[in-house]
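Per chain, numbering begins at 1; letters A, B, ... match sequence-line order.
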Protein chains: 2
Amino acid sequence: MTEGWERRLREHGFRITPQRQLVLEAVESLRHGTPEEILVEVQLTASGVNLSTIYRTLEVLEEVGLVTHAHIGHGPPTYHAVDEDIHIHLVCDRCGTVQSVPATVATEFVAQLEGGYGFRTDIAHVSVHGMCASCKDRDFESEADDPL
Amino acid sequence: MTEGWERRLREHGFRITPQRQLVLEAVESLRHGTPEEILVEVQLTASGVNLSTIYRTLEVLEEVGLVTHAHIGHGPPTYHAVDEDIHIHLVCDRCGTVQSVPATVATEFVAQLEGGYGFRTDIAHVSVHGMCASCKDRDFESEADDPL
DNA sequence: TGGTTGCTGCGAATCATTCGCAGCAACGGG
DNA sequence: CCCGTTGCTGCGAATGATTCGCAGCAACCA
């Protein structure tokens, strides 16, 4: 695994527990996971683990920099391991599909926000909403935003 | 006001009601508002209006294109009138402030997503998370992302 | 090995949002 | 201008997600 996860926790004054290891492993193997999904994954190994613990553990793991979360639409947040490739979620508001694209497409955008506003963007935290290619194609007859 | 709001509703088969007018006016005057905040604003004029109605009305107003919503962090969504300048929210995860910047800074980013992935971005729906300029300045001694 | 105290499981509390239902009211027809 | 149809609203309960409080267990330092 991340191999340094134990030290990460210790350095921040947290204890090493099986629950924390399991949650981290679950996040890594799921690649994308809501707290609920992570719970299910964790319970494959340790059925006694509680949802509250998942929430508290994710908070801790995020604080020490082992996982991050992103908001995809209205639902619960999605957690990722930090050692994954950084990517951006494209959420189709029409059909609900989520597509991941490399964060590099936003390099210039991020640079502009930093340069123009001094804002340091955590680009992976963002979900970009809109309409995916297939919905866009399937849609060119209706919905013309009826001009007044 | 938007002046065409009545027709907008009618064209989509909805009725014109005082509640819908009040909610729309509240969104316009607040510029940014959660359902809860909109309720409070509406109740300044009509105290009998219910939160459920706010939710239902916002849904309707959004469907006919009079308002939009954006997700700012974990909390409830924020609603805007569509005739406002389109802007992007920069949310500081450190101090919680939300800064609005013109959507034009994302023009190129949006173009790349459309060109490279066929994805039509609703840029105003996005909230960009990160750290604002002042928090960034105030922060250069601690938190160095301690490398392994 | 033992004590200190952080972590966990559990159930209740909270917050946001949605539903079901009965009564009221918008609006098209006469 | 009045009436009936049916959408809209207020209200309270239901739901879903997340957080809290607390007592017992276990990680970790001496």
Side chain of S52(A), base of dC20(D): donor and acceptor closer than 3.5 Å?
-> yes
Is the side chain of R20(A) donor-acceptor paired with the backbone N or O of R15(A) at a distance under 3.5 Å, no angle test?
-> yes
Distance-only donor-acceptor test, R15(A) side-chain atoms vs dT5(C) base atoms, 3.5 Å = yes
Classify the nucleic acid contact of G48(B) as base, sugar-phosphate or nothing, counting any heavy atom under 4.0 Å across all strands shown.
-> sugar-phosphate
Side-chain N or O of Q19(B) less than 4.0 angstrom from OP1 or OP2 on dA25(C)?
-> no
Starting at atom CG of L58(A), determine the distance to atom C1' of dA17(D), rounded to an integer number of angstrom.
-> 14 Å
Is I16(A) touching bases, backbone alone, or none of the nucleic acid, heavy atoms closer than 4.0 Å?
-> sugar-phosphate
Would you kindly give the NE2-to-P distance between H12(B) and dC8(D), to the nearest whole Å?
-> 13 Å
Nearest-nucleotide 5' precedence on DNA chain C, P77(B) against P18(B) | P77(B)
Using the six-membered ring wherever Trp is involved, compare the ring planes of F109(A) and F109(B) and label them parallel, tilted or perpendicular (cut-offs 30° and 60°).
-> parallel
Is the H89(A) to H80(A) ring centre distance short of 6.0 Å?
-> yes
What is the distance from CZ of R20(A) to P of dA27(D), rounded to the nearest Å?
-> 11 Å
Taking only N and O in the side chain of T17(B), is any of them less than 4.0 Å away from OP1 or OP2 of dT9(D)?
-> yes
Answer yes if the ring centres of H71(B) and H129(B) are under 6.0 angstrom apart, and no otherwise.
-> no
Roughly how many Å is it from CG in L51(A) to C1' in dA13(C), rounded to a whole number?
-> 15 Å
What is the distance from CD1 of I54(B) to P of dC8(D), rounded to the nearest Å?
-> 15 Å
H71(A) NE2 to dA17(D) P: how many Å, rounded?
-> 15 Å
Is R56(B) side chain donor-acceptor paired with the dG10(D) base, going by distance under 3.5 Å alone?
-> yes
L39(A) CG to dG9(C) C1', in whole Å, measures 12 Å
side-chain N/O R10(A) vs dA27(D) OP1/OP2, d < 4.0 Å = no
Nearest whole angstrom, please: distance from the P of dA26(C) to the CZ of F14(B).
-> 17 Å
Ignoring hydrogens and angles, tell me if any N or O in the side chain of R120(A) forms a donor-acceptor pair with the backbone of G130(B) under 3.5 Å.
-> no
